[in-house]
Protein chains: 2
Amino acid sequence: MYTPVMSTPDRLIEATQELLWERGYVGTSPKAIQRLAGAGQGSMYHHFSGKSELALAAVTRTAEEMRRTAGLSLDGPGSAYERIAAYLLRERDVLRGCPVGRLTMDPEVVADEALRAPVDATLAWLRGRIAAIVQEGVDGGEFVPGTDPAPVAAAVVATVQGGYVLARASGSSAAFDRAVEGLLSLLAARTRQI
Amino acid sequence: MYTPVMSTPDRLIEATQELLWERGYVGTSPKAIQRLAGAGQGSMYHHFSGKSELALAAVTRTAEEMRRTAGLSLDGPGSAYERIAAYLLRERDVLRGCPVGRLTMDPEVVADEALRAPVDATLAWLRGRIAAIVQEGVDGGEFVPGTDPAPVAAAVVATVQGGYVLARASGSSAAFDRAVEGLLSLLAARTRQI
DNA sequence: GTCTATATTAGGATAGAC
DNA sequence: GTCTATCCTAATATAGAC
């Protein structure tokens, strides 16, 4: 039977994704990547020019994956409120935080235009997608008129990103859940029965 | 005339505060601290046992300062909504992010009980203080009944922390302002004229 | 208290053999 | 493609002189 082993470049990228999520760019060393990928020094430098090139590949892939995951909730069935709630309430490994948002705290990521670009694009896409859903809700009479899509969408995304901060500070996912609960209660007050 | 020069320990702590804010624990080296503080190697190790002890002093001080700053808005004049708005809208160096919240993305901080404790305590205090203000607002008839203080407070703090993430991702403070605007618009809808 | 030496390990990569 | 050898700098201290 055919055994689909991941290629060395793929294993290296995946290991880098893991480490960037856990420790950030500054805290991730080439040696740690090699160890986690089960690849040798020479192997890594054969496939990639160095840490920064690997990081770019990893961040790009993580960003794609996040869009796909978020899309599952946002493009699902239900009213506008329900889809936003589905996004906020979906299963998460809260204490690990967001693999994309986390990178914004890394000085080297923010300083590197190429590394920051996919991070920016992903969060901008997320805000835009949620704003479009809010707009649908306003147009369909689900949200009360005067509900401004872009600010509400920014608040939704910020609540998630900030929820991770609260959870990691307290060592418990409860704080994340609380923040989401708070935002949803405020948002629910802007809906009308339709 | 008396010239109040900061003591070497104080300069070391302040330099560490700066670097932890900018680069996190993992990204901050003893050498960088010494350079920024204008202190020698031996001097630093004379006053502190090492990086971790210095970091603890710095984090503790940063946490105190954050409470004081937040208190200025939250304990100020005005209605409950106005004080929360004052907190959300106060002058900030948005692109630098939160010196306390930032630390939650650092694996070594989260792993170290002593370092995480002041971070946790500060954010918990902030949530509690805001929840108390929301409760006042409910009791005084300013917020509609059924407004649940703790979740709303968590959402407020999460919006700020997440707003920093959005701002740093986009390289502009506009995203932070948007998120705050969105949350305030939702919160305003829960107020009644009194 | 501060300085200079010294030590050990890791970070980040290049060179060339296999 | 992968491995080992080698290189240079930084990280994080300790030791002892001044």
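Quick caveat: nothing in here was measured; it's all calculated off a predicted structure. So you know, we letter chains A, B, ... as the sequences are listed, proteins then strands, and number each from 1. Values reported hereafter were calculated over all heavy atoms of this structure, with side chains retained and with hydrogens, waters and symmetry mates removed.
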Gap between atoms CZ and P, on A:R11 and D:dG1 respectively (whole Å): 13 Å

Figure out the NE2/P separation between A:H46 and C:dC18, and round it to whole Å. 18 Å

Within 45° of the ring axis of B:W21 and under 6.0 Å from its six-membered ring centre, is that where the NZ or CZ of B:R102 lies? no

Considering non-hydrogen atoms only, spot the tightest contact between A:L183 and A:A155 and give its length. CD2-O, 4.1 Å

As a test of reading the structure: which of D:dT2, C:dT14, D:dT14 is closest to the side chain of A:Y45, going by heavy atoms? C:dT14

A:K51 NZ to D:dT9 P: how many Å, rounded? 19 Å

Rounded to whole angstrom units, what separation is found between the CG atom of B:L54 and the P atom of D:dA11? 15 Å

Are A:Q17 and A:V59 close enough that some pair of their side-chain heavy atoms sits under 4.5 Å apart? no

Quick one: B:L12 CG to C:dG1 P, roughly how many Å, whole number? 13 Å

If you only use heavy atoms from C-beta on, which nucleotide in D:dA11, D:dC3, C:dG12 is closest to the side chain of B:S29? D:dA11

Atom pair distance, as rounded to whole Å: CG in A:D10 and P in D:dG1: 13 Å

Taking the six-membered ring of A:Y87, is the NZ or CZ of A:R92 close enough (under 6.0 Å from the centre) and on axis enough (within 45°)? yes

Would you mind reading off the distance between B:K31 atom NZ and C:dA5 atom P, rounded to a whole angstrom? 13 Å

Please state whether the phosphate of C:dT2, meaning OP1 or OP2, lies under 4.0 angstrom from any side-chain nitrogen or oxygen of B:T8. yes

It should be established whether A:H47 places a side-chain nitrogen or oxygen under 4.0 Å from OP1 or OP2 of nucleotide D:dT2. yes

